[in-house]
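Hydrogens, waters and symmetry mates play no part in the numbers below; they use all other heavy atoms, side chains included. Proteins come first, then strands; the chains are lettered A, B, ... in the order of their sequence lines, and each starts at number 1.
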Amino acid sequence: MTSGLSERNRHLLVLAIGLVLLVGLPWVVDVVTLLELTIYIVYALFALSLGFIWGHGGILCFGQAAFFGLGAYTYAVAAINVGESSGPFLLAILLPAAFAALLGAMMFYGRLSDVYLGVITLVVALILFKFVNSTANETYVIGDARLGGFNGIPGFPTLNWPGDAGSPLMPDEMFYLAMGLLIAVYFGLHGLLRSRFGRIVVAIRENETRAELLGYDVRLYKTAVFAIGGGIAGLAGVLFANWGNFVSPGVFGLAQSATAIIWVIVGGLGTLIGPIVGAVLIQFLTTLLGQQSVVNNAFVLGAILVLVVLLLPKGLMPTLGQLLSRGRRK
Amino acid sequence: MTLDRRTFLAGSAAASIAATIAGRAMAQGATIDVASIHDLSGIFDAYGKPMEKAMQLAIDEINAAGGLAGKQVKEISYDTQSQIPLYTQFGQQAALKDKVAVVMGGILSASREAIRPTLKRFNTLYFYNTQYEGGVCDRNIFCTGVAPSQSVEALIPYAMSRWGKKVYILAADYNYGQIISKWVQHYVKLNGGQTLQVDFFPLDVSDFGATIAKIQAAKPDFVVSALVGGAHMSFYRQWAAAGMKAKIPMASTTLGVGNEQIVLTKEEGDGILLAYNWSAEIDTPANKKFLAAWGKKFGADSVKEIHELAVATYQGMMLWAAAVKKAGTPDRMKVIEALETGMSIEGPGGKITVDPKTHHCTLDVVVIEVKDQKLTVVKQIPQVPPLDTQAVCDLKANPNSNIQYEIKI
Amino acid sequence: MSARGEVVLETRALTMRFGGVVAVDRVDFTLRDGELRCLIGPNGAGKSTFFKCLTGQLKPSAGEVLVRERRMTGAEPCQMAQAGIGVKTQTPSVFNGLSVRENMFLALARHHAGRIAEARTDEALERYALADLRDRKVGELAHGQRQRVEIAMVVAAEPWLVLLDEPAAGMTHEEVDALAALIRDINRRSTMIIVEHDMQFIRMIGDRVTVFHQGAVLIEDHVDTVLDDARVREVYLGS
Amino acid sequence: MDFAVVVIVEILYAVASLALIAAGLAVVFGMMRVINLAHGEFLMLGGYTAIVSVKAGINIYVAMLVVAPIVVGAIGLIVERLVIRFLYGRMLDTMLATWGLSLLLTGLVTMIFGNTTTGISTPIAGYRVGAYQLSGYNLFIIAAGFLVMAGILLALRYTRAGLIARGAMQSSDMASGLGHNPQRIYMITFTVGAALSGLAGGILAPLTGLTPTTGGLYVAKAFITVISGGAAVVAGTLSSATLFGTITQVVTLSSTPVWGDVAMLIAAVILLRLLPQGITGRFFSRQV
């Protein structure tokens, strides 16, 4: 990594910006904007989950929404049954992580890679979508919660202060929580990547054969990375569910997985800040485009994706980093 | 939800939340704002576009007559693009940002159930102007469309008397289809018939080849379709293409609601039986006036776009306007109380009266046969009450009720 | 210098088929402790396939691989490595995007806990004369330098058996001389198998040589005997 | 007995429509190792071309069988020249770029035609098998599916162009040695693949309604069929289409279309886990 700032300073800068946004934003914007920003953060977290497994683990997952959706649905179902939100919150992270571990083990121990991995992840997300989408019948219940099929699940208890089911989080508190979690996950992943585990994961991305010949069980490491990514996607799903107080099968949809890939590729592979920047930028653009009807949204996003692949194959943030450091040297 | 907590939180966001929750601060702007939330694109746009036009027409007429409570009415329109999660999002915006007096909207029952909790939570009055499966019991919502005890109750005995007793049901796989198919089974049984099979289809299914073979194997006397949306349209095409029209007749609880009869050819649509509140052929002064006004505003060509849901939307808007006039204010509780006096208006579909106990409506029902791409009235039943919801819901006794009852069979 | 110790690696009727093609055909092979064995043969003789069956990169269709009398048939490459076998592949297989130091760290980190691995990394860089390249990305180095990095990574883990696939390929004369010295040095501590093409090089390091032809072992003997053998000449030069 | 015939026809129809949906992608993937995720949109464009042509008064068969492939082939040519050719050998980048393209085309069509369902009626009347009525159009699709597959097979095996194309895919050096420009061969192959997609889209259009997002429904099925089939263009596509078409239809007939789809997807996962190179990667290597 080359950049004008030293690595340490760069992370301090990210932390500072993060904290300023965390504390400052609720003071300067109105509630609707704050709600809008909360969803950006949720998406950033989702992007980060894919950015980690793809950019650092070398696993391109075409069905990351499977874990996002699983997190959202697990939370909704568990919250209806439990009421108090702490248990459901944890369960909705652990279950997608466990599911990712299982799926990952199946794929990596079967030595699937590249396109085949892409197809399987895509298909698994599709299966989940089709299944959940066809659970409108009243026989599909888990405890007190009806899965609801196409309707989705509305009106489940939203997150509350831990231990106190009677005090749900207000929109501004939701913002603090989401932003705080994003910062925590970012630095958590950062620390992980500096650890022995993380360095081996990166080594596997660089050269799987060599890592194996050095005695690292690539299958195990990849499965672990995939599970971590699944857990983070699940966390993003929980926040998403709480944001709208509504989940529907669309959370498993192809579009959800696809947008995440666009965020990551636009923001830049191999960095942690890239996916976050990509998600926020693209979502901001989507919102802007949503307010006019001359140019179609998908048209612009598609054009951006094509142009980024052709002209900025490394994505925004790494390219920016290179430009900065080149500027410095001159 | 206890949302009146923590008002000490500083910051503008927190303050505005507090303001919203403390109750809708009235008399802010120079206009009374009304939100229209419909699918204006995507696979449900055939339903939504005319509903939006009906809103515009109703608001024009209200404003031309001097507005409400001394103010003009302004429409804020949202396109939910046939995506259910957008209902939640736009519902939030309408309630928190636009602070509208009422939300008119929702088409699919799934969209209603997505937006209903949001609007209830943020104390924003909600009108759902669509024929639906009935049973919603919530004081914050008024349902102005026909319900099963009005439409299915009329349709099934009429179809059975013409065709026979064995029925095969196809329904869209979400709450509407699931519940309406039970009502169909209920009325089939009540009239001494037999339901052979019920099949559900997700809204994106567009290949019905195997299903058509299955139906033939079951040999029903007729088919009841509760299919919904653009993709399901191909069922009628494939049915006709297989030459089934001559073999097994069909009734539907949904066809025509999106004016499908003019998209389908004569050969594909003719002979299908329906039952709704409205048909263009209803011969009343109110309907003629409505058709003329629509033609004048949107062009003569546009008159054929009018459908059941557009009429229900127009009637819903007019009901709300009448209530605001009566209450003298757009304040939510006052309007609800006014409506609960059992208000009625004369609409294109006949007289429509609010039932105070259920917030549903008593209205006229017409049984229709599709002929030459037109909805021909074959039978009229005046002033049918919403018996299905009345059987389970009493908002006078339980004003805090907030559920949708489902029929058990 | 003939075989001296106990048998440490053995294959029994090892066979590898791809579709209808038999690349390795019922090979029985024995390696003793301390040996420096060369595998030679013309292109397509099956020596590289045989090599990959030993490293775990290919799963043999039939037969057995025994490492110190333990059955390791079809084991994963990582299990082979964990059993103390170091492997250098034909083309340099290194972590191109990472620095020389990081490469070395990764070679050591499997055997040592983080802190110790860090310390050992710097020692190893000194020992293998890579210290001045430590912060360079391996992908930016010259071919010969990358070969050196890879061999250093393999050896740093102190394997008891080292498998090298065509280590001299693409090297200059001077580099080949240095390599031969390095291999003799490694052989003082580890048993070795070297797949090689270059006769010159085999003469320099040679001891016992196994010649592959059409998937089977043609002859196995001391390098001088083998290179004078008529059949070997025929296989190499064609008739 | 009659019902058995109906079931067989329905299965053949499912197999043929899968083969049609996958054909264009199979050619491009099998010959060029390019995964075109805008494939679904090529089908969708074929459908729109056919519908627009019919509404403009062109004969429906001309619209489906001639106009749709020509128009979409031309679009494919443009796409190849502007985007794909810069990305040969970069499989992942190609996938991402074509994904972008798919969004772009969806958006473009939405701007032109609106996000709404359009459709035309099928041109063939139903027919009778014993006590059952069947859609005549299904027979047409079965015929079209098998003709397209046979056409690809014959073209690759027995025509000079097919021979050169196969040669170029095996080794582009060899082709250029023989005086053929591999860039040009890639260009033509991609165009032909696009034209096949256009043809399929045109043929399928009368059956189901079309929206600008219809491509999304196709691309997953095509992608799964082609990848599961493996490298051999015709043998692979036909074998996986047969497998998946049969599973889908049998399950659909005994339950609902959803379970039919789910069964197919589960079959695909199991298949790829067991045969990571696809069906033909294992059994028919080195065929077309």
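Contact annotation for B/E268: only side-chain heavy atoms (C-beta onward) come within less than 4.5 Å of a heavy atom of chain D. Proximity to chain B is absent for every atom of D/Y137, based on heavy atoms less than 4.5 angstrom apart. Interface residue D/T211: only side-chain heavy atoms are found under 4.5 Å from chain B. In this structure, the portion of D/L134 lying under 4.5 Å from any heavy atom of chain B is its backbone and not its side chain. Using a 4.5 Å cut-off between heavy atoms, D/T110 makes no contact with chain B at all. Of the two parts of D/L139, neither the backbone nor the side chain holds a non-hydrogen atom closer than 4.5 Å to a non-hydrogen atom of chain B. Contacts between B/F44 and chain D at a heavy-atom distance below 4.5 Å are absent for every atom of the residue.
Counting only residues at least two apart or on different chains, the ring pair (Phe, Tyr, Trp, His ring centres under 6.0 Å) pairs with a member in residues 236-256 of chain B are B/F235-B/W239.
More than 12 heavy atoms of other residues, nucleotides or ligands shown are found within 6.0 angstrom of NZ on B/K214.
Highest contact tally toward chain D, considering only B/S82, B/P202, B/A217, is held by B/A217 [criterion: heavy-atom pairs under 4.5 Å]. Chosen from D/L253, D/N138, D/L217, the residue pairing most often with chain B at heavy-atom distances under 4.5 Å is D/L253. Taking chain D as the reference chain and counting heavy-atom pairs below 4.5 Å, the highest number among B/R237, B/K49, B/Q81, B/Q216 is found for B/Q216.
The stretch residues 240-255 of chain B places B/A241, B/A242, B/G243, B/M244, B/K247 near chain D, each with some heavy atom under 4.5 Å from a heavy atom of that chain. Listed by sequence position, the residues of residues 36-63 of chain D in contact with chain B number zero, using a 4.5 angstrom heavy-atom cutoff. Listed by sequence position, D/E10, D/Y13 are the residues of residues 10-28 of chain D in contact with chain B, using a 4.5 angstrom heavy-atom cutoff.
Note: D/L204 CG to B/D207 CG = 9.0 Å, rounded to the nearest 0.5 Å. To the nearest 0.5 Å, the span separating OH on D/Y132 from NZ on B/K219 amounts to 4.5 Å. Atom OG1 of D/T214 is separated from atom CG of B/D204 by 10.5 Å, given to the nearest 0.5 angstrom.
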